[in-house]
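Side chains included, hydrogens not; waters and symmetry mates left out as well; all remaining heavy atoms used.
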Amino acid sequence: VSLRLLLVLCGIVILGEILAVPLTRLLAPGFSVEELTLTVNLTRIMLPSIVFMGVAMLFSGILNGEKRFALAASGPALANIVIILSIVLSARWRGIQGVAYGTLLGFAGFFLMLWIGVRKRGFHLLGGEPYDRQEAGQVLRDILPVTLSVSVNQIFLMIARGFGSSLNPGTIAGLEFAGRIINLPI
């Protein structure tokens, strides 16, 4: 299962790298050439974090299943600490690209920390561990409603960003902050 997940996530990253320009144009149609170029560059820097985060979430589930909650819960904190450090230490010299690289590094740290944890529990990332197809199918059916509900929120955010891209600078950030406030009770 983990090798398949790794291959799917790597495929998504490769597609994202190839399609970064048209996807950015689609999601932010109002961006100027400079804004579009910057957004594409930042997207390409941070896209590999999808692999780190996706596999780390698998590891988190394994650790939670083994009742090792502390390690699984501390992974995101490590990622956030690295991202904050990247802002403090590199933003002045590298600008926003330093923050993007810090974000990638933070997710890589999250992945590595949990990988060490699951290896100690006997799990191997590329090991061909057997799994029950029926059970895996049931899990997929069970998470479908949650996935759909989260997707609705993500679609709303994409529409808001697209709309905000054609308005005054800072509009997208304002919409993002408003979205976080709306979701605060959740």
Side-chain angles (χ1 to χ4, degrees), residues 1-20 23 40-91 93-151 153-154 157 176 180 183-184 186:
V1 175
S2 59
L3 178 60
R4 289 181 186 153
L5 174 64
L6 188 61
L7 291 173
V8 166
L9 293 174
C10 286
I12 290 169
V13 169
I14 290 167
L15 270 173
E17 295 284 347
I18 292 168
L19 299 173
L23 285 174
V40 167
N41 288 338
L42 295 175
T43 299
R44 286 184 169 147
I45 292 169
M46 292 190 292
L47 262 173
S49 65
I50 291 172
V51 175
F52 294 129
M53 185 58 103
V55 177
M57 295 312 292
L58 170 67
F59 293 164
S60 182
I62 291 168
L63 291 168
N64 284 332
E66 296 280 326
K67 302 199 184 321
R68 301 284 182 207
F69 303 112
L71 185 60
S74 60
L78 172 67
N80 287 329
I81 289 168
V82 172
I83 293 167
I84 292 168
L85 284 173
S86 76
I87 293 168
V88 172
L89 299 176
S90 73
W93 297 280
R94 299 278 311 182
I96 192 69
Q97 286 190 338
V99 177
Y101 282 114
T103 300
L104 179 61
L105 187 62
F107 288 129
F110 176 30
F111 162 80
L112 288 172
M113 186 172 120
L114 295 186
W115 182 44
I116 291 167
V118 295
R119 281 193 57 98
K120 287 181 180 177
R121 309 290 307 155
F123 179 85
H124 299 284
L125 178 62
L126 301 178
E129 66 278 349
Y131 71 99
D132 184 342
R133 286 182 188 265
Q134 243 180 341
E135 200 172 292
Q138 183 61 46
V139 168
L140 289 175
R141 284 188 294 280
D142 289 346
I143 65 170
L144 185 62
V146 174
T147 304
L148 290 175
S149 66
V150 170
S151 297
N153 190 41
Q154 292 302 312
L157 290 173
E176 292 284 331
R180 289 177 189 252
N183 290 319
L184 192 61
I186 298 173

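- In this structure, the separation between CG on L19 and OG1 on T43 is 12.0 Å, given to the nearest 0.5 Å.
- Rounding to the nearest 0.5 angstrom, the gap separating the OG atom in S74 from the CG atom in N80 is 11.5 Å.
- The backbone N or O of V99 sits less than 3.5 Å from a side-chain atom of T103, completing a donor-acceptor pair.
- Residues R121 and L63 have side chains in contact (heavy-atom distance under 4.5 Å, counting atoms from C-beta outward).
- Taking all atoms of both residues into account, the shortest heavy-atom contact from L114 to L71 is CD2-O, 3.4 Å.
- The CG atom of L148 lies 4.5 Å from the CG atom of L144; values are rounded to the nearest 0.5 Å.
- Minimum heavy-atom separation, E17 to R44: OE2-O, 2.9 Å.
- Atom CD1 in I62 sits 8.5 Å away from atom CD in E66 (nearest 0.5 Å).
- L47 and V13 get closest at one heavy-atom pair: O-CG2, 3.4 Å.
- Looking at heavy atoms from C-beta onward, Y101 lies in side-chain contact with R94 at the 4.5 angstrom threshold.
- Contact annotation: the side chain of S86 never approaches that of L105 to less than 4.5 Å [non-hydrogen atoms, C-beta and beyond].
- A 4.5 Å side-chain heavy-atom check between P48 and L104 finds at least one atom pair inside the cut-off.
- In terms of heavy atoms, M46 sits closest to A100 at CG-O, 3.6 Å.
- F110 and L78 make their closest contact through N-CD2, 4.0 Å (heavy atoms, listed as atom of the first residue, atom of the second, distance).
- Between F111 atom CZ and S60 atom OG the span is 13.5 Å, to the nearest 0.5 Å.
- Contact annotation: the side chain of R119 never approaches that of F59 to less than 4.5 Å [non-hydrogen atoms, C-beta and beyond].
- Taking CG of L58 as the reference point, atom CE of M53 lies at 13.5 Å (rounded to 0.5 Å).
- The aromatic ring centres of F107 and F52 sit 6.0 Å or more apart.
- Taking every heavy atom of both residues into account, G75 and M113 meet most closely at N-CE, 3.4 Å.
- Between I14 and I18, the closest side-chain pair of non-hydrogen atoms falls below 4.5 Å.
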